[in-house]
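Remarks on the structure that follows.
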Amino acid sequence: MQHLSEQEIIRRQYLEEFKKLGIDPYPAATFDVTTLATQIKEGFDTSPDAFKDIRIAGRIMSKRIMGKASFAEIQDSSGRIQAYINRDLICPGEDKELYNTIFKRLCDIGDFVGLSGYAFRTQTGELSLHVSEFKFLSKSLHPLPVVKVDADGKVHDAFTDPEQRYRKRYVDLIVNPHVKDNFIKRSKLINAMRRYFDDKGWLEVETPVLQAIHGGAAARPFKTHHNALDMPLFLRIANELYLKRLIVGGYDGVYEIGKMFRNEGMDRTHNPEFTSMEIYVAYKDYIWMMEMVEDCLEKIVAEVCGTTITHIGGNEINFAKPYKRLSMFDAIQQYAGIDVSTADENALRSFCKSNKIEIEDSMGWGKLVDAIFSEKVEDNLIQPTYITDYPLEMTPLAKKHRSKEGLVERFELYVNGKEIANAYSELNDPIDQRQRFEEQLKLADRGDEEAMIMDEDFVHALEYGMPPTSGLGIGIDRLTMMITGQEAIQEVLFFPQMKPDLKRADGISE
RNA sequence: GAUCUGUUAGCUCAGUCGGUAGAGCAACGGCCUUUUAAGCCGUGGGUCUUGGGUUCGAGUCCCAAACAGAUCACCA
């Protein structure tokens, strides 16, 4: 038995009263909406005649009843508009039940109504709908948090508890309009990116989420089981190896926007499932890719935000190209003051110790370089910056650098101190690729749970020949965080992963 | 996984030295025909996250658990 509060019981009683009055609280028929709240607000002053006979629909978000006339705020998908509801206008005859009983008593905050009338300004100047017809559309059985904004724009009683907001995102979306805007921006961003790639002639594809061999990234996978085949399957940690097979197959450019799954820790920048965009373009290298990425980001950020400038965590970020380019070694030289290109492993170790950088005995030269980079450099990379040319041992799928020994042709794009993209000149030498996998196997034998495992079919595909290719992955969630100014990934995911709410589960099962 | 903080009415929050559980909004009953954080009068609403313990007595003190947030570790 579900526990109901006083207010919830009363709302259920109203359902019975609707039935007694012969009114369906959940009518089936279409209510033809002609106008959105923001259309009235944006258009009324220039063309008031266009709003003489309009129909709007939405939730009642507030009621201010003054006897025989009332004001209510109606919220639709676009925003809010005030409605002026006069008893004798919606009840022209003797029967005042629609106003006195249905509107004044049985309508609660959160209920849906359809209204028709004309737009006007009240004595205090508030743009409103002068209501001539009133139609009840749907009952809400739970009270909503009532968030009020005063004349100074100060928000009162805001619905802010993150746990409640994430668990009941629908409520969050209803009462916190800026949350809705963030998700609209996310959708527009993905659409703009897709359009950019499509205009270049690259093909959007779909590759398997369920994979027998999980490859393409260093991460621990989720494991599942296929009953009919009686075999284990993994949820993909990356789609890189499949997209490269498609380049082998003869497409010039392929990209996929989709969910990846990694069985690792969760925090404000990690969710177990996240959205990545990976793209592979034939006959290109990572230098070309840097030019493509900065052109793409400049255009789509401008399209979505109306400007290339965004704000996050007190920083102003400008996505206008070109972006600064800095090799990993030069970046370390600049921010940590050590030339790692001439330092051996012992020199790096003593540097880490004297700079209080945590290291482990198992870490090799490459991992030590990475540790210094993470600790000393990352936080300084606020404006979009390409970090290029990484140590080979950390990057088993990238091509060896054309001129720098021990490095690979790779870049990562950093914004606001966070990595949001990763790209290579893709390794297309099948002999080299097999050796790199074998080195990963040795790491796995030593207990590295994130080491890649050999994908024979992928190497076989490369043996048929893959053109020189550049590949890129962008974390869509993180990019969305940058353009919406959010510092938690949970703010750009509708339904971030949460542990079960036992309090609530018990309440339902009783 | 570690540390710290939080969990009280539908929402936002008070709650003193351990002594009958509080406010605003929301709700309910009135009044009010251009209000706007509408207003005025009145009323109801609580397993204080859960389970133990100390105590004559626990929202408050102690222990444990659950969930969340922040910081750290790992990662994208």
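Quick note on labels: first sequence line is chain A, next is B, and so on, each numbered from 1.
Taking every side-chain heavy atom of A:Arg478 into account, B:A76 is the closest of B:U34, B:A76, B:A26. Between B:C11, B:U33, B:A37, one nucleotide has an atom nearer to the side chain of A:Ala69 than all others, and that is B:U33. The side chain of A:Pro145 lies closest to B:C11, out of B:A73, B:C11, B:U34. The side chain of A:Ile65 approaches B:C32 more closely than any other nucleotide in the set B:A27, B:C32, B:U34. When distances run from any side-chain atom of A:Lys68 to the nucleotides B:A37, B:A76, B:C32, the shortest one goes to B:C32. Of the candidates B:C67, B:U34, B:U12, the closest approach to any side-chain atom of A:Lys499 belongs to B:C67. Side-chain proximity of A:Asp108 to the nucleotides B:A37, B:A27, B:U34 is greatest for B:A27. Counting only heavy atoms from C-beta on, A:Pro143 has its side chain closest to B:G10 among B:A38, B:C25, B:G10. Of the listed nucleotides (B:A68, B:A76, B:C28), B:C28 has the atom at the smallest distance from the side chain of A:Ile10.
Side-chain N/O atoms of A:Gln123 include one lying less than 4.0 angstrom from OP1 or OP2 on B:U35. The phosphate of B:C28 has OP1 or OP2 within less than 4.0 Å of a side-chain N or O from A:Tyr14. Listed pair A:Arg105 / B:G29 meets the phosphate criterion, a side-chain N or O lying under 4.0 Å from OP1 or OP2. Note on A:Arg268: a side-chain N or O is less than 4.0 Å away from OP1 or OP2 of B:U71. For B:C25, the OP1/OP2 oxygens have no side-chain nitrogen or oxygen of A:Lys148 closer than 4.0 Å. For B:A38, one of the phosphate oxygens OP1 or OP2 lies less than 4.0 angstrom from a side-chain nitrogen or oxygen of A:Arg64.
The nucleotide B:A64 finds its pairing partner in B:U50, both defining distances of the Watson-Crick or G-U wobble pair being shorter than 3.5 Å. Pairing for B:C13 goes to B:G22, judged as Watson-Crick or G-U wobble with the two contacts each under 3.5 Å. Checking B:C72 for Watson-Crick or G-U wobble geometry (two distances, each under 3.5 Å) identifies B:G1 as its partner. With a cut-off of 3.5 Å on both Watson-Crick or G-U wobble distances, the partner of B:G57 is given as none. In a base pair of the Watson-Crick type (N1 to N3 plus N6-O4 or O6-N4) or a G-U wobble (N1-O2 and O6-N3), with each distance short of 3.5 Å, B:U34 is matched with no nucleotide.
From A:Phe51, atom CZ reaches atom CG of A:Leu129 across 11.0 Å, with rounding to the nearest 0.5 Å. The CG atom of A:Leu98 lies 6.0 Å from the CZ atom of A:Phe134; values are rounded to the nearest 0.5 Å.
Screening A:Arg11, A:Arg12, A:Arg105, A:Lys139 for a salt bridge (Lys or Arg N to Asp or Glu O under 4.0 Å) involving A:Glu17 leaves a single residue, A:Arg105.
Look at B:C40: its glycosidic torsion is beyond 90° from 0, and that puts it in the anti range.
Neither side chain, A:Thr480 nor A:Arg186, offers a donor N or O lying under 3.5 Å from an acceptor on the other. A donor atom on one side chain and an acceptor atom on the other are not found under 3.5 Å apart for A:Glu240 and A:Tyr242. At a cut-off of 3.5 Å, with distance as the only test, no side-chain donor of A:Glu409 or A:Tyr390 sits close to an acceptor on the other residue. No hydrogens or angles considered: nothing links the side chains of A:Tyr323 and A:Gln383 as a donor-acceptor pair under 3.5 Å. A side-chain donor from one of A:Asn239 and A:Glu256 sits under 3.5 Å from a side-chain acceptor of the other.
Taking atom CD1 of A:Ile237 as the reference point, atom P of B:C74 lies 19 Å away to the nearest angstrom. Atoms CZ (A:Arg167) and P (B:A66) sit 14 Å apart, rounded to a whole Å. The nearest whole Å value for the distance from the CG atom in A:Asp161 to the C1' atom in B:U49 is 12 Å. In this structure, the NZ atom of A:Lys154 is 17 Å from the C1' atom of B:U36, given to the nearest Å. Here B:C28 presents its C1' atom at 14 Å from NZ of A:Lys104, a figure rounded to the nearest Å. Between the CE atom of A:Met66 and the P atom of B:C40 there is a distance of 15 Å, given to the nearest Å. Rounded to whole angstrom, the span from the CE atom of A:Met277 across to the C1' atom of B:A76 amounts to 13 Å. In this entry the distance linking CD1 of A:Ile489 with C1' of B:A68 reads 17 Å, nearest Å.
Backbone-only contact: A:Glu419 has heavy atoms under 4.0 Å from sugar-phosphate atoms and none from a base. A:Arg80 comes within 4.0 angstrom of nothing in the nucleic acid, heavy atoms only.
With C1' as the reference atom, B:A27 and B:G44 are 9 Å apart, rounded to whole Å. The same atom, P, is picked in B:A14 and in B:U55; the two are 32 Å apart, to the nearest Å. One P atom belongs to B:U16, the other to B:G53, and the distance between them is 25 Å to the nearest Å.
Looking at which nucleotide of RNA chain B each of A:Ala158 and A:Tyr84 is closest to, the 5′-most match is held by A:Ala158. Between A:Lys63 and A:Gln82, the one whose closest nucleotide on RNA chain B sits nearer the 5' end is A:Lys63.
Checked by distance alone, A:Thr124 brings no side-chain donor or acceptor within 3.5 Å of a matching partner on the base of B:U34. Evaluation of atom-type donor-acceptor distances gives a pair under 3.5 Å for the side chain of A:Asp267 against the base of B:A73. A donor-acceptor contact under 3.5 angstrom links the side-chain atoms of A:Gln7 to the base of B:A26.
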